[in-house]
Amino acid sequence: MDEQALLGLNPNADADFRQRALAYFEQLKISQDAWQVCAEALAQSIYSDDHIKFFCFQVLEHQIKFKYSELTEVQQQLIRETLVTWLQAQMLNPQPEKTFIRNKAAQVFALLFVTEYLTKWPKFFFDILSVVDLNPRGVDMYLRILMAVDAELVDRDVVHTSEATRRNTLLKDTMREQCIPSLVESWYQILQNYQYNNSELTCQCLEVVGAYVSWIDLSLIANERFINMLLGHMSVEVLREEACDCLFEIVNKGMDPTDKTKLVESLCQVLQSAGLFSIDQEDDVDFLARFSKLVNGMGQALIASWTKLIKNGDMKSAQDTLQAIEAKVALMLQLLIHEDDDISSNIIGFCYDYLHILKQLSALSDQQKANVEAIMLAVMKKLTYDEEYNFENEGEDEAMFVEYRKQLKLLLDRLAQVSPELLLASVRRVFNTTLQNWQTTRFMEVEVAIRLLYMLAEALPVSHGAHFSGDVTKATALQDMMRTLVTSGVSAYQHTSVTLEFFETVVRYEKFFAVEPQHIPAVLMAFLDHRGLRHTSPKVRSRTAYLFSRFVKSLNKQMNPFIEDVLNRIQDLLELSPPENGYQALLSSDDQLFIYETAGVLIVNSEYSAERKQVLMRNLLTPLMEKFKVLLEKLMMAQDEDRQMALADCLNHAVGFASRTSKAFSNKQTVKQCGCSEVYLDCLQTFLPALSCPLQKEVLRSGVRTFLHRMIICLEEEVLPFIPSASEHMLKDCEAKDLQEFIPLINQITAKFKTQVSPFLQQMFMPLLHAIFEVLLLPAEENDQSAALEKQMLRRSYFAFLQTVTGSGMSEVIANQGAENVERVLFTVIQGAVDYPDPIAQKTCFIILSKLVELWGGEDGPVGFADFVYKHIVPACFLAPLKQTFDLADAQTVLALSECAVTLKTIHLKRGPECIQYLQQEYLPSLQVAPEIIQEFCQALQQPDAKVFKNYLKVFFQRAKP
């Protein structure tokens with residue numbers, strides 16, 4: 001071997017050596033006989049370096065995985081012998097191999113097993129067992145090989161091909177017949193031999209049993225001698241976690257419902273008599289987490305049995321099983337309420353399914369009602385934050401608690417289905433007790449009380465948030481709690497979690513304020529002062545900005561009395577933050593977007609006259625325009641790039657804010673009706689000069705482009721005079737991405753204003769196309785994926801533009817570009833349909849072609865177009881689908897083929913018998929299509945139902961392709 005290259009295998013080697021080692025590995029993988037050198041190195045223990053040993057196993061792994069069939073019988077025998085020799089050496093070596101080498105060796109053994117067990121090596125396991133016997137190091141390798149074999153055969157995370165799945169099924173069937181009973185016997189011997197003196201091997205063996213239980217005959221394991229041994233392990237501290245998991249797998253195994261109930265019950269009796277049900281005596285949380293998972297498995301197994309028995313009509317056994325389930329509820333509750341969330345989380349499945357049973361029963365016993373109440377109290381207690389929760393810097397623990405809370409929410413929803421009255425009464429009791437003394441109660445209890453009220457909205461669902469009408473008891477209870485919430489003063493509680501929960505709940509139950517509007521001013525003040533938008537925590541300020549905008553929108557006309565007051569109070573929050581470093585604004589620019597939108601909504605939805613609305617809107621937008629002009633001048637002068645970027649961002653925010661205010665307008669309240677057109681036209685005039693700024697083009701153009709999109713919707717034709725100069729600026733020295741983002745703007749204008757913009761489109765059509773072609777023709781490096789993708793996206797945008805123009809009835813825009821240009825455009829569409837393997841673009845090209853045929857393909861069409869149809873469009877309909885890259889199994893490609901069929905149908909519609917004659921006598925014979933197929937094709941094309949021809953065309957090309 002190349003000793004120099006091997007030095008690079010060391011993780012501490014420098015980059016050059018590592019590079020050389022990688023290259024050497026690739027070289028050995030291709031080489032015919034390099035694996036033999038590696039096999040020899042392993043068999044004779046030539047190298048002591050761990051990384052080289054690992055490397056040798058990797059080379060062997062590659063050989064077995066990809067090139068095994070190329071080896072001779074003798075060579076295959078050599079690989080088997082190498083592995084067995086290596087295994088024998090393991091028991092004599094003074095030191096065991098590192099774990100990562102043992103695991104890799106086990107993987108190689110497993111690969112060889114999968115390849116050879118059915119043919120060359122049926123005694124695979126017996127040979128290994130005869131080598132290892134009960135030697136601890138040998139047993140370690142044997143167990144690792146078993147786990148690797150299980151991973152190969154049944155790993156749920158690996159997606160196998162159907163061929164591999166068939167092979168794996170055959171392997172498992174053969175193992176069940178030939179060796180599984182012997183393997184199970186070996187596990188029993190290992191467990192018996194090592195359970196008191198080698199906990200590591202015992203745990204490994206228990207893991208193997210747990211893994212194999214899912215696919216071998218359960219009676220081999222679920223029998224007295226095995227179960228008794230496992231139960232014995234439940235009392236041994238170092239073994240009990242693995243024993244728990246093993247028992248869980250046994251309980252999880254599918255079997256007859258009555259037998260399952262018996263099995264679970266016998267396990268439970270022994271576990272209970274061993275004192276394992278006394279949770280409060282146990283302080284090992286890791287074990288309890290596993291035990292909780294086991295109890296959860298037993299509970300869910302019994303519930304599955306109950307469901308099957310009910311389905312089968314076996315009411316006697318179902319009743320017995322239900323009693324067995326009920327007997328576990330006390331234990332389930334102990335685990336659910338446990339202070340460790342992992343332990344509690346592991347039992348939630350059982351709890352959830354138990355409630356599902358209760359939901360199906362016609363009446364609940366007193367004990368069952370008590371169980372429901374106990375689960376409810378447990379959920380309420382467990383929803384509570386603990387002291388350690390870090391609200392300012394949420395990490396992994398906090399994320400896990402948030403996930404756990406989501407599980408508890410599902411339980412609460414299920415409780416509501418079982419007994420809505422009980423849930424409502426319990427929440428009301430907790431809520432009222434807590435809010436009466438909120439000043440002296442800990443934050444987590446106040447938060448959870450409000451949180452429960454918030455959660456009731458989803459647990460007791462109604463349509464369109466109508467919580468305060470309909471069912472009187474429920475409406476009254478919710479109304480009382482909401483009144484308490486907004487009048488108790490709890491919004492002033494000094495903890496962010498309580499503050500946020502207050503605002504979230506107020507917004508969730510916004511319909512309350514339609515019933516009791518007298519509370520609106522107090523809640524508005526909470527939003528606007530130090531409790532909300534001016535809170536000391538940026539997190540609270542940010543969330544409140546969003547919630548405030550939702551609150552104002554939902555109240556609509558009820559906001560009328562407060563509009564001017566609110567606008568005055570938010571004045572300072574609307575200020576554009578200067579681009580100076582170190583300036584700390586109360587709200588981020590993203591948060592300010594919500595405040596601008598809220599201001600817009602307040603003005604537009606008010607009952608003021610159009611004149612008053614215009615004044616207020618001008619007051620809102622003029623500071624932005626003035627600031628914009630000043631900042632644009634500063635940007636033009638700025639030398640330093642960081643300074644330029646900061647200014648450009650600031651300019652972009654100004655445009656974004658103005659844009660956001662326009663979201664308040666609707667079909668009922670248009671810009672014109674509100675008298676605000678002039679203000680927005682002034683904004684347009686202010687912002688458009690930014691397009692000609694040579695600095696930070698991408699940022700500025702993107703902002704102005706978005707504003708133009710909004711104005712096309714809001715100002716309608718009043719925006720048209722600004723479009724030509726804006727387009728001219730945006731087409732100057734632009735790149736693929738600029739064009740790609742500019743084209744949707746032109747498409748929007750074309751589709752909306754159609755013939756109104758025809759003169760403008762005719763004028764800018766060729767300049768736009770030249771800009772596109774120029775970018776598409778730029779040479780790109782061969783491996784530059786992002787440049788290739790940008791070009792592909794631009795090509796799609798170009799075709800989408802042509803589709804919009806032709807689809808909006810404006811084909812004259814193309815027709816008036818002069819014969820040479822028209823021809824060039826048509827050829828790009830033919831090229832798009834045939835040459836580029838991009839089904840999305842191809843589909844668009846065929847849509848364009850069929851539209852042009854429809855418009856120009858008749859007798860009165862442009863001179864020479866009929867010729868073009870036969871020379872280029874018809875061939876395109878055949879050449880595109882015949883390409884190897886046109887994959888008829890791909891959904892997008894099938895859509896492209898569908899449009900191709902429409903194109904051919906349209907040609908036939910427009911040209912009639914002449915088209916059939918051309919296909920029959922000239923074109924199809926030139927493709928060497930058999931006469932009977934030509935006949936069949938032309939008949940399908942003449943069918944009145946287009947769907948028939950679409951289906952036929954797919955079959956036609958499937959047959960035509962090799």
Side-chain angles (χ1 to χ4, degrees), residues 392-393 533-534 536-539 541-543 545-546 571-597 620-661 683-710 726 728-742 745 771 775 778 780-781 784-787 789-790 793-794:
E392 292 314 308
N393 185 14
L533 292 167
R534 290 176 173 74
T536 51
S537 156
K539 185 176 160 187
R541 294 198 298 270
S542 175
R543 185 69 185 156
Y546 162 71
Q571 199 61 47
D572 60 322
L573 301 173
L574 296 166
E575 275 184 36
L576 194 62
S577 305
E580 284 20 285
N581 284 344
Y583 176 82
Q584 206 48 57
L586 268 177
L587 296 179
S588 73
S589 51
D590 284 350
D591 301 333
Q592 281 183 290
L593 284 169
F594 289 113
I595 305 298
Y596 269 95
E597 187 179 342
L620 180 63
L621 295 175
T622 302
L624 282 179
M625 292 190 261
E626 286 170 356
K627 217 41 173 304
F628 188 91
K629 289 174 191 163
V630 175
L631 289 169
L632 189 57
E633 275 179 32
K634 282 186 181 174
L635 175 58
M636 295 290 211
M637 322 269 277
Q639 302 295 313
D640 172 58
E641 189 162 348
D642 287 348
R643 171 84 177 143
Q644 287 174 10
M645 277 170 70
L647 285 161
D649 279 342
C650 204
L651 285 161
N652 212 6
H653 294 324
V655 180
F657 295 158
S659 207
R660 195 61 169 259
T661 57
C683 282
L684 251 182
Q685 262 170 320
T686 307
F687 299 154
L688 285 178
L691 291 175
S692 51
C693 173
L695 305 168
Q696 302 291 319
K697 280 198 313 253
E698 198 178 321
V699 178
L700 295 179
R701 284 181 179 183
S702 145
V704 176
R705 209 172 26 238
T706 309
F707 188 68
L708 270 169
H709 277 296
R710 285 292 314 151
E728 198 181 319
H729 284 306
M730 282 196 257
L731 282 178
K732 267 200 192 116
D733 52 346
C734 51
E735 292 164 17
K737 196 160 175 282
D738 297 318
L739 280 168
Q740 202 186 307
E741 288 172 354
F742 170 63
L745 186 71
V775 172
L778 282 175
E781 285 181 28
D784 190 345
Q785 293 287 318
S786 65
L789 186 65
E790 278 198 346
M793 299 315 281
L794 177 57

If I compare all heavy atoms of [X] with all of [Y], which pair ends up nearest, and what's the gap?
X      : Y      : answer
Val775 : Glu735 : CG2-C, 4.3 Å
Arg541 : Ala585 : NH2-O, 4.5 Å
Leu593 : Gly656 : CD2-O, 3.7 Å
Gln592 : Leu573 : NE2-O, 3.0 Å
Cys693 : Leu635 : SG-CD2, 3.9 Å
Ala638 : Leu647 : CB-CD1, 4.0 Å

Given side chains that start at C-beta, do those of Cys650 and Leu576 come closer than 4.5 Å, heavy atoms only? yes
Can you check side-chain contact (heavy atoms from CB on, under 4.5 Å) on Leu624 and Phe628, steps first, answer last? CA-CA 6 Å; Leu624 282 179; Phe628 188 91; over 6 Å; no
Got more than 12 heavy atoms from elsewhere within 6.0 Å of CE, Met625?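 Yes, because the 6.0 Å sphere around CE of Met625 holds more than 12 heavy atoms from other groups.
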Between atom [atom1] of [X] and atom [atom2] of [Y], what is the distance when rounded to the nearest 0.5 Å?
X      : Y      : atom1 : atom2 : answer
Asp591 : Ser589 : CG    : OG    : 8.0 Å
Leu586 : Glu575 : CG    : CD    : 10.5 Å
Thr661 : Leu621 : OG1   : CG    : 4.5 Å
Leu708 : Met730 : CG    : CE    : 5.0 Å
Leu789 : Leu794 : CG    : CG    : 11.5 Å
Phe707 : Leu688 : CZ    : CG    : 8.5 Å

Run the side-chain contact (heavy atoms from CB on, under 4.5 Å) test on Val655 and Thr706 for me, step by step, so that the C-alpha distance in whole Å, both residues' side-chain angles and the decisive distance to 0.1 Å come before the verdict. CA-CA 9 Å; Val655 180; Thr706 309; over 6 Å; no
If you apply the rule side-chain contact (heavy atoms from CB on, under 4.5 Å), what do you find for Leu731 with Leu739, and how did you get there? CA-CA 7 Å; Leu731 282 178; Leu739 280 168; 3.7 Å; yes
Taking Tyr596 for the side chain and Leu574 for the main chain, is one N or O donor matched with an acceptor at less than 3.5 Å? yes
Treating Ser692 as the side-chain partner and Pro689 as the backbone partner, does any N or O pair qualify as donor plus acceptor under 3.5 Å?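 Flag set: sc Ser692 to bb Pro689 pair under 3.5 Å.
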Output all residues satisfying side chain to side chain donor-acceptor pair (under 3.5 Å) with Arg705, sequence neighbours left out; order by chain, then residue number. Glu741
Taken in chain and number order and not counting sequence neighbours, the residues that satisfy side chain to side chain donor-acceptor pair (under 3.5 Å) with Asp590 are none
Run the numbers on Arg534 and Asp572 for side-chain contact (heavy atoms from CB on, under 4.5 Å), then give the verdict. CA-CA 11 Å; Arg534 290 176 173 74; Asp572 60 322; 2.5 Å; yes
Taking only residues at least two apart or on different chains, which pairs with a member in residues 622-640 satisfy side chain to side chain donor-acceptor pair (under 3.5 Å)?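 Pairs touching residues 622-640 that pass the test: none.
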Between Phe594 and Tyr546, how do the two ring planes meet: parallel, tilted or perpendicular, split at 30° and 60°? perpendicular
